[in-house]
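First the proteins, then the strands, lettered A, B, ... as listed; each starts at 1.
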There are 4 protein chains.
Amino acid sequence: MENLAEKKKAILESTLALVKVNGFHGTPMSMVAKKAGVAAGTIYHYFESKDSLIFELYSYLKQQAIQVVRESQKPDATYQERFFALWFAFYTYYTSNPSVLCFFEQFVNSPYAEKAKSIPSELDELLHAFFEEGINSGQLRPVAPQILSMLAHGNAISLAKVYGIGKLNLATADLELVVQILWDGMSQKTSEINS
Amino acid sequence: MENLAEKKKAILESTLALVKVNGFHGTPMSMVAKKAGVAAGTIYHYFESKDSLIFELYSYLKQQAIQVVRESQKPDATYQERFFALWFAFYTYYTSNPSVLCFFEQFVNSPYAEKAKSIPSELDELLHAFFEEGINSGQLRPVAPQILSMLAHGNAISLAKVYGIGKLNLATADLELVVQILWDGMSQKTSEINS
Amino acid sequence: MENLAEKKKAILESTLALVKVNGFHGTPMSMVAKKAGVAAGTIYHYFESKDSLIFELYSYLKQQAIQVVRESQKPDATYQERFFALWFAFYTYYTSNPSVLCFFEQFVNSPYAEKAKSIPSELDELLHAFFEEGINSGQLRPVAPQILSMLAHGNAISLAKVYGIGKLNLATADLELVVQILWDGMSQKTSEINS
Amino acid sequence: MENLAEKKKAILESTLALVKVNGFHGTPMSMVAKKAGVAAGTIYHYFESKDSLIFELYSYLKQQAIQVVRESQKPDATYQERFFALWFAFYTYYTSNPSVLCFFEQFVNSPYAEKAKSIPSELDELLHAFFEEGINSGQLRPVAPQILSMLAHGNAISLAKVYGIGKLNLATADLELVVQILWDGMSQKTSEINS
DNA sequence: TATGAATGAGACTTCATTCAT
DNA sequence: AATGAATGAAGTCTCATTCAT
């Protein structure tokens, strides 16, 4: 990621920043060019079209997210610890990079997402594997991994949005509580106690 | 809502359907007009501008959602029953009306949402009150109502999306399980057991 | 003019008032309708089209102007007195009815005027006759009546505009002076003295 | 003015020509584009909007007019000679450039003029100074310079219009006569003789 | 007569994309 | 590689006019 041409990166980052404020369609290429400090035509040396730019930005950011998730995982930690680390990795990534969260949310809810579906998502596979492991090792309830993945990820996103809105000060203690809620709900142990 | 002028309703419903497929900006007014069976200019008798149309559609749908939520609540049910009913009301509404879910998700993640923020949301207030009641009556953990609301609502949306993607068949049993997970996580009882 | 249908007159007057503020093309028929207190369709009972409305308004006002000019002429006054009266009639009419002046100026400088040219103008004939009389009786220099007419009328309009701009307070004395200038310039007597 | 981009100038000149025939609102941007030999969008590289185009054209032409007036003034001529030169400069400019006269007349009588009022007019100042000089040197009657300016300028315009209508052949002799009339009316000498 | 909802052609303007330099 | 002027299709919106009531 670091060896991207300077300008290409500038274009991607400019797009990211502008989309947060203006949305996809409120962000003309000329605006991206200006912010990136390049000419409009230059963008077309690096990207085939605007759609292509959006898609590449999506991939670029998804790789970043994967990196963040990967780095959060210590091999010698317990599963629960790794779950907590995973959740906080997402939460921290999104709150530290609100424009990324904003971009993702716009992307997945746009017609773009439909076209991107075909591309196999490394991140999805990674999460799928993580939750499958939890189920197989008897630490998570036997629910489809996709569901668990969606619940956990969706939960982190929800919280990051609450934080982003700024109406609430979310202390670390609050967050711990929320993840605990989530873990309690998903873990096999609770399930057994309640039954 | 039922006494809206025929044409106005047709325009709103056409917009809803088209936005799901094409997104806001992939849906020109001419397309809305055609689908609604009116002339392009006619839309401007009912709506000041395209933005105004989007906003009114948002309000219109939010009223529908409130209606659905309200109808789900039986006064003589227990709090937990009402919580389940609430969650299923959302889930059912979104899965039965995928275009509404799609519209909401596009809306809240677009620059439109910023402008709509100032408008006090009846739905938010309703949910806030519901969760506050749960906390005050000692049935829910003492977490900020906004957070609980976001978690529960976000959770229903997440599931509805999983369903919408169609990759998974979510049996009622699966759903019950998920809501149970959610409830277990949020309820005071579980909290006590675990501590 | 007084026996015009109430509504027809209301439409004409509304148009006049609105054109002053917004110009021809900033004055949609719907706006005229609203100000006149009638429905948009009603205008088309009285006028064939917008152009037709403009033309009829022009005629209507021109008749008014003729009336004003006619009434200013006392048969037993001297020619110079009648000239002064004529000039003041115009000046007073325009300053008392700034929207009329504004309308005329817009009209004669618009493509409408081209089409109206064919219509013989009673006002022009009246002025032509007046100045011809002055020349024939040896009181005015032998210049083409059209020129004299244009000079005198244009002069009154110029002054009315100065007044309308409001930057200057034109006392009656000032005006007398200006007309005197005009008369001095046009009269045969001055011509002789200077030669 | 000469170093304006080729295309910008073509757009301005095309607008001028078309406005004469069709008026402001009968001249769509597409028509301007066609006549100027550029694409519609190109106009918007040079002008922010149609209004902006009209305003810039107004400024552009006013600069031309100032140039013409300036060039007519020989420092070593008498005041009367300079007055005659000034008047003829206007008259000649307007009759040689009927579309400019037409544009000015449309402009000053349109709602545009209201917005342009705030801009201090170099031409007005120039004329004001010229007439003030005449008054102070005792060669013109002591009337407000604005009035004298309006009278002289309005007079030249009136004549140019008579010429433009084409009904009359105005020989140089005729014109000399008219300016003489004007000068006689405005000059102090005549004033003294008559009193 | 009067209404005003409906029409749809056409205006202004934007912007993704190209291409000569 | 980079530029940015130029393009023109397409979008939003206006408004003169019609017509069923």
E/dT1 OP1/OP2 closer than 4.0 Å to side-chain N/O of C/Lys7: no
Aromatic ring proximity, centroids under 6.0 angstrom, B/Phe24 and B/Tyr112: yes
Position toward the 5' end of DNA chain E (nearest nucleotide), D/Ala40 or B/Ala39: B/Ala39
For atom NZ of B/Lys34 and atom C1' of E/dT7, their distance in whole Å: 17 Å
Touch class at under 4.0 angstrom, heavy-atom based, for D/Tyr46 against every strand present: sugar-phosphate
Position toward the 5' end of DNA chain F (nearest nucleotide), C/Ser49 or B/Met29: B/Met29
Distance in angstrom units between D/Phe47 CZ and F/dA5 P, rounded: 14 Å
Residue whose nearest DNA chain F nucleotide is more 5′ - D/Ile43 or B/His25: D/Ile43
Over all atoms of both residues, closest heavy-atom pair of C/Thr15 and C/Ile54: CG2-CD1, 4.5 Å
Atom pair distance, as rounded to whole Å: OH in A/Tyr44 and P in F/dG4: 16 Å
Side-chain N,O (A/Thr42) to OP1/OP2 (F/dT3) below 4.0 Å: yes
Atom-pair distance (CG on D/Leu53; C1' on E/dT13), nearest Å: 13 Å
For D/Ala40 against D/Tyr44, the heavy-atom pair lying closest together: O-CD1, 3.6 Å
Spacing between B/Phe24 atom CZ and F/dT12 atom C1', to the nearest angstrom: 16 Å
Polar pair under 3.5 Å, donor/acceptor by atom type, side chain B/His45, base E/dA5: no
Watson-Crick and G-U pairing of DNA chain F, under 3.5 Å, as dot-bracket with | and [ ]: .||||||||||||||||||||
More than 12 heavy atoms of other groups within 6.0 Å of A/Lys34 NZ: no
Whole-Å distance separating the CG atom of B/Asn22 from the P atom of F/dA10: 15 Å
Where D/Tyr58 and D/Val108 come nearest, the two heavy atoms and their spacing: OH-CG1, 4.3 Å
Check against side-chain contact (heavy atoms from CB on, under 4.5 Å), A/His45 and A/Lys7: CA-CA 10 Å; A/His45 280 299; A/Lys7 293 206 173 158; over 6 Å; no
Contact under 4.0 Å: A/Lys50 side-chain N or O vs E/dT17 OP1/OP2: no
Residue met sooner reading DNA chain E from 5', once C/Val38 and D/Pro28 are mapped to nucleotides: C/Val38
For atom CG of A/Asp51 and atom C1' of E/dA16, their distance in whole Å: 10 Å
Side-chain N,O (A/Ser30) to OP1/OP2 (E/dC15) below 4.0 Å: no
Heavy-atom closest pair, residues B/Phe47 and B/Glu56: CE2-OE1, 3.6 Å
